[in-house]
Amino acid sequence: SAAARVMPTLHAARSDPARDLRLALLHDAAGLDRGEVARRVGVGRTCVFDAIRRHAARLASDPAYDELVSRVLRTAVRRTLPAPSEAIDLPMRVARGAEEPLVVPAMS
């Protein structure tokens, strides 16, 4: 139907990349389920679902966004954890289902 063809465009037009990133990281990196993300941020579960899908699509198609997300995660880890004495591997996959873990280098 015509409404079905227009709806994805409306969702994309209403999306906020910063909010999509926030919602997706709460789900993917912090491990919250969609309902908990929705409650904490004050949005609907559909909004969270759509944001996670947009975030995943952007990770897969935009290397600059992929690098930005990696930097955000590294910065968050550095600010919240004590500096490691040697490099550590974090069990989160950042982009495109990568098999390599996020590596936080040791601080000298």
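The analysis underlying the following values was restricted to heavy atoms, covering all of them including side chains, and did not include hydrogens, waters or symmetry mates.
In terms of hydrophobic clustering, with Ile, Leu, Val, Met, Phe, Trp and Tyr side chains grouped at heavy-atom distances under 4.5 Å, Leu26 and Ile52 are assigned to a common cluster. By the rule that hydrophobic residues join a cluster once side-chain heavy atoms approach within less than 4.5 Å of another member, Val41 and Leu25 end up as members of separate clusters.
Taking CZ from Arg45 and CG from Asp33, the interatomic distance works out to 7.0 Å, rounded to the nearest 0.5 Å. Leu59 CG to Glu67 CD: the interatomic distance, rounded to the nearest 0.5 Å, is 11.5 Å. Here CG of Leu73 is found 8.0 Å from CG of Leu21. Values are rounded to the nearest 0.5 Å. How far CZ of Arg58 is from CG of Asp20: 8.5 Å, rounded to the nearest 0.5 Å. Rounding to the nearest 0.5 Å gives a distance of 8.5 Å between CG of Asp66 and CG of Asp62.
Residues Arg34 and Val48 share a closest heavy-atom pair of CG-CG1, 3.8 Å. Shortest non-hydrogen contact noted between Leu32 and Arg40 is CD1-CD, 3.6 Å.
Residues passing the side chain to side chain donor-acceptor pair (under 3.5 Å) test with Arg39, sequence neighbours excluded: none.
Chaining together hydrophobic side chains whose heavy atoms lie under 4.5 Å apart leaves Phe49 on its own.
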